[in-house]
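Order of the sequence lines fixes the chain letters, A, B, ..., with proteins taken first and strands second; residue numbering starts at 1 for each chain.
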Protein chains: 2
Amino acid sequence: MARPLKFSPEPLLDKAADLFWRQGYEATSVQDLVNELDLHPGSLYNTFGDKHALFMAALDRYAATTGCRIPDLLHQPGSGRRAIERVFQMSVDLLSAKEGRRGCLITNTAMECADHDAEATRKVATYQQTMEDALTDALNRARTNGEIRPRTPEEIRTLARFLNGCLQGMRVLAHSGPDARARLEATAQVALGALD
Amino acid sequence: MARPLKFSPEPLLDKAADLFWRQGYEATSVQDLVNELDLHPGSLYNTFGDKHALFMAALDRYAATTGCRIPDLLHQPGSGRRAIERVFQMSVDLLSAKEGRRGCLITNTAMECADHDAEATRKVATYQQTMEDALTDALNRARTNGEIRPRTPEEIRTLARFLNGCLQGMRVLAHSGPDARARLEATAQVALGALD
DNA sequence: GCGATTTTTGAATGATCAATCAAAAACCTA
DNA sequence: TAGGTTTTTGATTGATCATTCAAAAATCGC
């Protein structure tokens, strides 16, 4: 019977995701991770494999937790239009807060790593597809409920892509300095106007 | 009389900007820069100071060259609406190309560095302000020319912020994998619809 | 040719990096 | 207690990092 693990790996993935989110992948050293996770180097490598594998696991963990909030909200039965409006309002509030200035881990990863890390690229593409599908679902419900004017399925998909583009832009603007809130609110307001 | 410089620094800033654009700041080593600029380490430090200073100079160079194209186009006398339309079309084309997948250096910098590099944060904020002002100028011309319906100055500024938010989102979507073009086109199409 | 000045060269420096590894520790069974 | 297995520990390893520095080189004026 072998020695048991002294810790549970899942909560450590949350901590690692938080650190990568704050600092970026390249700027986060294994020693930073060792400190943050309160692990010894051998344990970290034994459990997660290596730095990149830990990053991948942390991204998956983030996508399954924080990253699900918006798609889940959009998929909830009920008013599709209300769901979209709530997602935008929530994004303005979160991205305006001090903590929100770091944006979104997956969007940050797209910009930092996705051009030379094939696995990260796949995760980013999956995430964008998930967002687009959730917005499409909400828009279809809105159309069925008469909350937006009739549109073809193609038009619905185009609108979903646009709304996702706006949300991604808001994540960039979260990093834009003291005027971020005004920019976020303006983007959200006009974007929601496209529902009319 | 001292020994003259063997090279001209300005074109080297273009090369450095190109490398940082492709790889990101942290993932680009001084040895990478030495190779790319065809300089020896001492010359690089003697001329530019250190890695960070070179990055700052490269950002300024980018902002003064490539980064000016969109604001210059928007400020050109003539149809404000046409200028905005051209900027969006140009962005779709550039960001869809193989080379365009790396997005925009300043947007990438915002996501990678701006949260822990005060100087980079300032440059990013300046850039966002420049974009917003140029869009505002084009929108004001469009309103004066009767190309868009009348709006208050506040509404014009809101619309400019929204359009910039969309452009920033497109730069994120440039990194989103094989479906990027469709996403870029959808975002641009609906965003331009907001002019009506 | 010498002196003064600045630039180039690229090896060297000390720090930091990601990762390894051997010994000790923790568990169970016989 | 011994044996088997896995985990923990943390010092060590070899590579890479950003930067420095002394000697050689390039220029001009005397």
Side-chain angles (χ1 to χ4, degrees), chain A residues 1-61 105 109 112-113 116-120, chain B residues 1-61 105 109 112-113 116-120:
Chain A
M1 177 74 211
R3 176 176 179 168
L5 276 189
K6 204 171 148 182
F7 55 86
S8 174
E10 298 264 72
L12 296 189
L13 288 178
D14 292 323
K15 288 188 177 184
D18 197 66
L19 188 58
F20 285 127
W21 197 354
R22 271 188 272 130
Q23 300 189 168
Y25 173 69
E26 291 288 343
T28 299
S29 68
V30 167
Q31 190 57 49
D32 293 335
L33 289 160
V34 163
N35 294 339
E36 184 80 10
L37 306 190
D38 201 24
L39 281 187
H40 298 269
S43 293
L44 186 146
Y45 282 92
N46 190 48
T47 304
F48 299 111
D50 63 17
K51 183 186 174 189
H52 186 258
L54 173 55
F55 182 49
M56 292 297 111
L59 280 182
D60 287 340
R61 176 74 179 176
L105 177 58
T109 299
E112 188 194 343
C113 307
H116 36 267
D117 179 334
E119 207 173 348
Chain B
M1 177 70 209
R3 177 175 177 166
L5 276 189
K6 205 171 151 182
F7 54 86
S8 174
E10 297 263 73
L12 295 188
L13 288 179
D14 293 323
K15 287 187 177 183
D18 197 67
L19 188 58
F20 285 127
W21 196 355
R22 272 188 271 130
Q23 301 190 169
Y25 174 69
E26 291 288 342
T28 298
S29 69
V30 168
Q31 190 57 49
D32 293 333
L33 288 159
V34 163
N35 294 340
E36 183 81 9
L37 306 190
D38 199 25
L39 280 188
H40 298 269
S43 294
L44 187 146
Y45 282 90
N46 189 50
T47 305
F48 299 111
D50 63 16
K51 182 187 175 187
H52 186 259
L54 173 56
F55 183 50
M56 293 297 110
L59 280 182
D60 287 339
R61 176 75 178 175
L105 176 59
T109 299
E112 189 197 341
C113 308
H116 36 267
D117 179 333
E119 206 173 348

Trainee: With rounding to the nearest 0.5 Å, note down the distance linking CE in B:M56 to OG1 in B:T109.
Mentor: 7.5 Å
Trainee: Which residues in residues 36-54 of chain B have a heavy atom closer than 4.0 Å to any atom of DNA chain D?
Mentor: B:P41, B:G42, B:Y45, B:D50, B:K51
Trainee: Find the distance A:Y25:OH to C:dA18:P and express it as a whole number of Å.
Mentor: 8 Å
Trainee: Atom NZ of B:K6 and atom P of C:dT9: how far apart are they, to the nearest Å?
Mentor: 4 Å
Trainee: Check whether NZ of the Lys or CZ of the Arg A:K51 lies under 6.0 Å from the centre of the six-membered ring of A:Y25 and within 45 degrees of that ring's axis.
Mentor: yes
Trainee: Working to the nearest 0.5 angstrom, can you tell me the gap between B:D14 CG and B:L19 CG?
Mentor: 12.5 Å
Trainee: Side chains of B:S43 and B:N46: donor-acceptor distance under 3.5 Å anywhere?
Mentor: no
Trainee: Using nucleotides 24-26 of chain C, report all nitrogen or oxygen pairs with the protein that are shorter than 3.5 Å.
Mentor:
from	atom 1	to	atom 2	distance (Å)
C:dA25	N3	A:R3	NH1	3.3
C:dA26	O4'	A:R3	NE	3.3

Trainee: Check each of B:L12, B:D38, B:L37 against B:F7 using the side-chain contact (heavy atoms from CB on, under 4.5 Å) test, and report the only one that passes.
Mentor: B:L12
Trainee: Roughly how many Å is it from CD in A:E26 to C1' in D:dA18, rounded to a whole number?
Mentor: 15 Å
Trainee: Within this structure, what is the CZ-CG distance for the pair A:F20 and A:D32, rounded to the nearest 0.5 Å?
Mentor: 9.5 Å
Trainee: Rounded to the nearest 0.5 Å, what separation is found between the CD atom of B:E26 and the CZ atom of B:F55?
Mentor: 9.0 Å
Trainee: Would you kindly give the CD-to-P distance between A:Q23 and C:dC17, to the nearest whole Å?
Mentor: 11 Å
Trainee: If you measure from the Lys or Arg side-chain nitrogens to the Asp or Glu carboxylate oxygens, is any gap between B:R22 and B:E36 under 4.0 Å?
Mentor: yes
